[in-house]
Amino acid sequence: MIFRAKEGEIAWIPGVGLDDLPQSLPTSIRIHAKRSLIGIEAQGVAGSIPLRGGNTLHISPKIGQVNFLRMLFKAEGLQTDLLREYDEFVEFYVDEEEALNSLVARQLLVSAAKIMGRSPMFGRVEKKKRGTFAIGRLDAAQTAFNLASRMQDPVAYSIKERTFSIPENRIITEAILRAFQMLSQKDSTEFEPIYFRWLERFSRSKDIWADLACIEVGFSEGRYGGPRDYYRKALMLSQIILGSGGLGLGEAAVVHGDAILLNTADVFERYLRNIVANCYSTDGYIITKGGVETQSLYTDGSYEIEPDIVISRDGKCVLIADAKYKRPSSSDHYQMNSYLTVTEATSGILLAPLYSGSEVILSEYATRHGAVIREAYLPMDNLVATETFLNSLVERFGQ
């Protein structure tokens with residue numbers, strides 16, 4: 001059974017006790033008790049937590065599953081053509097979060113069936129062999145040693161055997177294992193044959209992070225076009241499923257016991273930085289986290305400063321922005337003021353999510369020293385408006 005919770009809210013789960021939860025959970029997950037009920041409150045994380053008995057708790061982000069997945073794709077820097085496919089895929093599911101989850105899961109299993117019905121990708125792995133004669137590449141030194149030792153089958157050689165254990169198939173396996181849990185009972189019965197056929201044929205991943213990195217390289221090199229085009233959709237869907245489960249972003253993922261969760265604030269920050277970088281990098285601007293050179297609050301190098309987004313050009317800081325996955329507080333303003341003082345910049349902006357409304361809300365504060373700090377609340381229900389605003393930061397607020 002799938003239980004559902006929403007980031008920032010308490011989800012009361014009937015029939016689940018403390019013993020049903022994983023051994024360790026991050027501090028961002030709080031457990032509440034009310035009589036015989038257990039409640040789970042997730043702050044700043046989204047993803048899934050497996051429960052005892054085969055049950056799963058899915059924690060959806062505050063901004064909604066569809067928008068979060070789009071943000072995750074852009075935070076991950078996925079290719080433009082893949083984003084177009086994703087946009088077409090979810091265009092009718094903006095208000096149906098549960099429908100999106102089940103749609104992704106069903107489509108992945110359909111894609112897996114297509115792969116098995118056509119020609120699954122394979123690799124080659126080198127195997128060492130011994131015999132009375134060499135079939136592949138002869139290992140002369142080992143063969144000489146074996147002959148001198150009067151060993152049976154003394155000829156040592158190596159051949160490259162065909163294997164289906166490659167990153168593409170392993171990543172799809174990991175996604176299918178999670179996707180099957182998202183299906184309704186009716187869909188589970190329908191897709192169960194495909195599920196077991198795939199698991200019988202293709203192995204799991206021993207290093208998901210490394211396999212995901214290989215997939216990224218494959219997309220960037222256009223490896224899944226042409227005759228292997230039927231792998232594109234399966235891998236895109238796998239990235240959606242693994243990403244929403246916390247495996248899309250290596251440094252943003254938090255793994256505690258069997259729980260795999262995604263730090264939503266990290267996704268928000270990387271999304272903002274990637275949007276700005278994609279807009280301005282071709283115009284001679286440099287967009288980095290922390291700036292081109294490391295700077296410190298004090299002259300002796302103590303307390304390095306690291307703004308989330310620093311826009312520079314010709315060695316000069318043009319604008320500083322900081323992502324805040326909450327309403328900015330006075331301490332956030334003090335921090336931004338310190339950034340501006342150290343970098344000698346005069347313009348800074350605090351970027352925060354807006355959960356109700358479709359337009360950017362902007363506030364402006366001027367310091368006694370001539371610097372201006374702004375707060376921008378970005379509508380999470382209207383990512384087009386958000387990205388349009390981010391693509392105008394330098395023109396509107398740069399110095």
Side-chain angles (χ1 to χ4, degrees), residues 7-8 26-28 30 42-45 61-63 71 75 251-252 254 263-277 280 285-313 315-357 359-380 386 389-399:
E7 178 191 5
T27 55
S28 51
R30 296 179 181 177
Q43 295 287 353
V45 292
K62 284 188 283 190
I63 69 172
M71 187 181 294
E251 64 197 47
V254 181
N263 187 314
T264 48
D266 284 355
V267 175
F268 180 66
E269 175 193 324
R270 289 179 61 168
Y271 164 75
L272 298 178
R273 189 163 51 248
N274 272 359
I275 295 298
V276 175
Y280 290 108
Y285 292 94
I286 299 175
I287 293 86
T288 59
K289 180 180 175 70
V292 177
E293 296 181 358
T294 301
Q295 299 194 64
S296 304
L297 190 60
Y298 298 108
T299 56
D300 64 356
S302 300
Y303 300 104
E304 290 182 1
I305 66 168
E306 193 178 44
D308 295 328
I309 304 170
V310 179
I311 305 176
S312 307
R313 189 176 190 180
K316 179 185 176 183
C317 178
V318 176
L319 180 67
I320 292 178
D322 225 26
K324 300 297 177 185
Y325 199 62
K326 58 181 180 61
R327 186 177 186 85
S329 63
S330 57
S331 61
D332 296 323
H333 279 264
Y334 297 148
Q335 183 185 48
M336 177 58 74
N337 200 19
S338 297
Y339 290 161
L340 298 180
T341 301
V342 171
T343 60
E344 298 182 351
T346 59
S347 182
I349 186 165
L350 300 169
L351 302 170
L354 178 69
Y355 298 111
S356 59
E359 301 296 330
V360 176
I361 297 177
L362 193 65
S363 301
E364 186 174 294
Y365 306 87
T367 71
R368 292 186 176 88
H369 306 291
V372 177
I373 297 175
R374 297 174 177 87
E375 290 180 356
Y377 293 90
L378 309 175
M380 295 292 96
T386 290
F389 176 81
L390 293 172
N391 290 338
S392 66
L393 285 181
V394 171
E395 291 79 4
R396 297 180 63 178
F397 311 119
Q399 57 186 44

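Hydrogens, waters and symmetry mates are skipped; everything else that's a heavy atom, side chains included, is used.
For NZ of Lys326, the number of neighbouring non-hydrogen atoms (other residues, nucleotides, ligands) closer than 6.0 Å is greater than 12. A 6.0 Å sphere centred on CD of Glu344 holds no more than 12 heavy atoms belonging to other residues, nucleotides or ligands.
Not one N or O on the side chain of Ser392 forms a donor-acceptor pair closer than 3.5 Å with the backbone of Arg396. For the pair Tyr280 (side chain) and Ile275 (backbone), a donor-acceptor distance under 3.5 Å is absent. No donor-acceptor distance shorter than 3.5 angstrom exists from the side chain of Arg273 to the backbone of Ile287, with no hydrogens or angles considered. Formation of a donor-acceptor pair under 3.5 Å by the Asp308 side chain with backbone atoms of Ala323 is found in this model. The closest donor-acceptor contact from the side chain of Ser28 to the backbone of Gly44 lies at 3.5 Å or more, if one exists at all. Looking only at distances, no side-chain donor or acceptor of Asp322 sits under 3.5 Å from a matching main-chain atom of Leu350.
Atom CG of Leu351 is separated from atom CZ of Arg374 by 11.5 Å, given to the nearest 0.5 angstrom. To the nearest 0.5 Å, the span separating CG on Leu272 from CZ on Phe389 amounts to 10.5 Å.
When all heavy atoms of Leu340 and Gly348 are compared, the pair lying nearest together is CD2-N, 3.9 Å. Taking all atoms of both residues into account, the shortest heavy-atom contact from Ile320 to Met336 is CG2-SD, 3.8 Å. Taking both residues in full, the closest heavy atoms of Phe268 and Ala352 are given as CZ-C, 3.9 Å, listed atom of the first, atom of the second, then distance. Shortest non-hydrogen contact noted between Gly398 and Leu319 is CA-CB, 4.5 Å. Closest approach of Cys317 to Ser312, counting heavy atoms only: CA-OG, 4.1 Å.
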TODO: With side-chain contact (heavy atoms from CB on, under 4.5 Å) as the test, would you mind laying out the steps for Met380 and Lys62 before giving the verdict?
DONE: CA-CA 9 Å; Met380 295 292 96; Lys62 284 188 283 190; over 6 Å; no
Open item on the list: Quick one, Glu375 with His333, criterion side-chain contact (heavy atoms from CB on, under 4.5 Å). Give me CA distance, side-chain angles, the key distance, then yes/no.
Closed with: CA-CA 9 Å; Glu375 290 180 356; His333 279 264; 2.7 Å; yes
Open item on the list: Is there a side-chain contact (heavy atoms from CB on, under 4.5 Å) between Tyr303 and Val342? Walk through the geometry before answering.
Closed with: CA-CA 11 Å; Tyr303 300 104; Val342 171; over 6 Å; no
Task: Thr343/Ile305 under side-chain contact (heavy atoms from CB on, under 4.5 Å): CA gap, chis, key distance, verdict - done: CA-CA 10 Å; Thr343 60; Ile305 66 168; 4.1 Å; yes
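Residues satisfying the ring pair (Phe, Tyr, Trp, His ring centres under 6.0 Å) test with Tyr377, not counting sequence neighbours, are none.
Contact check for Thr386 versus Pro379: side-chain heavy atoms found under the 4.5 Å cut-off. At least one side-chain heavy atom of Ile63 sits less than 4.5 Å from a side-chain heavy atom of Tyr325. For the pair Ile309 and Leu393, the minimum side-chain heavy-atom distance is 4.5 Å or more. Between Gln335 and Lys324 there is a side-chain heavy-atom pair separated by less than 4.5 Å. Inter-residue side-chain proximity for Leu378 and Val360 is flagged as met; some heavy-atom pair is nearer than 4.5 Å.
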